[in-house]
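Below is one structure, written out as structure tokens; the observations come after it.
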Amino acid sequence: MKFGGTSVATGERIRNVADLVAENSKKGCKIVVAVSALDGTTDELFEAAEGAKKGNETLVREFKLKMLRKHSEAASKAIRNNEIRKEVEQTIEKTTDELEKVLTGICYVGELTPKSTDYVLSFGERLSAPIVCGAIRNLELKAQWFTGKEAGIVTDSNFGEASPLMNVTVHQLKERIGPLLERNVIPIVTGYIAATQDGVVTTIGRGGSDYTSTILGVAFAADEVWIWTDVDGIMTADPKIIPSAKTLPELSYQEAAEMAIFGAKAMHPRALEPVIKEKIPVRIRNVFHPENPGTLITEQPNTKSKEAVKAIALIRDVAMININGASMVGAPGSYAQVFDVLGKNNINIMMISTAISESNISLVIRRDLLARAISNLEIALLGRGLVNEVTSEDDVSVVAVMGANMKGTLGVASRIFTTVARKSINIRMIAQGSSELNISFVVKERDGEAVARAIHEEFKLDKI
Ligand code: ASP
Ligand code: MG
């Protein structure tokens, strides 16, 4: 079971988490828990680290007190038993003292490396796990908490986005955590954080607790991995835009992964990697409505519905870049030069489209990176004879239409684009990979919501 930041945001919610664990444990389930930092903590830690880099010692002191207060308050609400609560409060004090020392160190050095950033970010989960553990013990269950490092999760040293080394990880998890399960102790493992083979703390990418939970699921050959969150599951669209959006009862790994990548906010984009190989089902469930079955993600969903389109995502905060140059035509390596400039500047390309005429490439990137992307492209490419113009639009959104049965179904693209045309909305750019799992296109931002709604209606996703 994985509990995300909003599920453990306050002492009351942590109590609710403990109740859910206890209920299922009493039904005879053996449970391993992965837990995120209290809602917003990871962002706050990041800001504090940035402040420390600028030498702001007062801020460090204040931040330590703020973290101490926030977590002590959650502990005092989550844990009634005096003895357990005192023990947890001591852990919180010790951990926040260490956090202050680390941030003070950064103040003096005036430097923040990816390595030290990860170390600072690890404190969020190191502070939440003991509280969750205490709340479970408060219900007279046996529980013990571990950092990802103590539990044995080993990664490479790509700080901020480290990849787990699955073989040693599974071996160590079995060795260290396995015996607890035999003795009916519930292990609580910090999500998101791990360590290199040399024991240096790493993080596995924002939202990484999902990933931790599937790694744990694989190590213990779980029947199911339950990702507890604050919504009923993966939905056909964002209910804030489309109130009639429905929860999808079942999805394939492929579909769910596609949706995660497209920012349906369902889960960490790599979270499904470990379970796909082992065919372990993942279920997204709502902590506020545990009576709902949620969304079940498996290799072969056995739904009767054969809908081609299952979900729509609207991706805002993006920008489109157009690169024009007649000399790119028939010139091997010309696209490579464009990608190279962006790659070297650490700018991720989200979508690409180019036509057989070859004289124009369109790219979509994150909007906040636009200025940097344009200036680097101009410096590197203009005046070299290959590219004669780089233009951009920052008032666009991507609409992504997804579903595994789109593959091989005729007429899906035509229905999508006819729907858009009927709204008299212009499409700026289109991409469909040959996996045929999704069609993505760019429209002006002001039209994004209307387009998403019209397509939701056209494919009757409110009746799915
Ligand atoms: N606390 C981490 C984050 O906010 C990991 C997680 O929540 O899954 O990204
Ligand atoms: Mg989080």
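Indexing begins at 1, ligand by ligand and atom by atom, following the structure's order.
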Which atoms of ligand 1 have any heavy atom of Arg206 under 4.0 Å away?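 By the 4.0 Å cutoff, the relevant atoms are 3 (C), 4 (O), 9 (O).
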Can you tell me if Asn286 and Asp232 form a side-chain donor-acceptor pair at under 3.5 Å?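 Yes - a donor-acceptor pair under 3.5 Å links their side chains.
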For the student: nearest non-hydrogen atoms of Thr95 and Phe123, plus distance: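 Reported closest heavy-atom pair: O-CE2, 3.3 Å.
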Quick one: side chain to side chain donor-acceptor pair (under 3.5 Å) partners of Arg15, sequence neighbours excluded?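 Side chain to side chain donor-acceptor pair (under 3.5 Å) list for Arg15, sorted by chain: empty.
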Polar side-chain atom of Arg126 near backbone of Thr147 as donor-acceptor pair, under 3.5 Å: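 The answer is no, because no donor-acceptor pair under 3.5 Å joins these two groups.
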Output yes when a side-chain donor or acceptor of Thr190 lies under 3.5 Å from a complementary backbone atom of Ala129, and no otherwise.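 No; judged by distance alone, with no hydrogens or angles, the pair does not exist.
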Side chain or backbone, does [X] bring an N or O within less than 3.5 Å of an N or O on ligand 1?
{"X": "Ser36", "value": "yes"}
{"X": "Thr42", "value": "yes"}
{"X": "Gly5", "value": "no"}

Taking only non-hydrogen atoms of Gly207, do any sit less than 4.0 angstrom from ligand 1?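 In this structure, Gly207 qualifies as a contact of ligand 1 - some heavy atom is under 4.0 Å.
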Which segment of Glu125 sits under 4.0 Å of ligand 1 when only heavy atoms are counted: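 The part of Glu125 near ligand 1 is the side chain, not the backbone.
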Just to be sure I read this right, does ligand 1 sit under 4.0 Å from the backbone of Ser209, its side chain, both, or neither, counting only heavy atoms?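 Both parts.
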Please identify which of these residues, Lys279, Lys2, Arg283, meets the salt bridge (charged side-chain N to carboxylate O under 4.0 Å, His left out) condition with Glu224.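 Among the candidates, only Arg283 passes.
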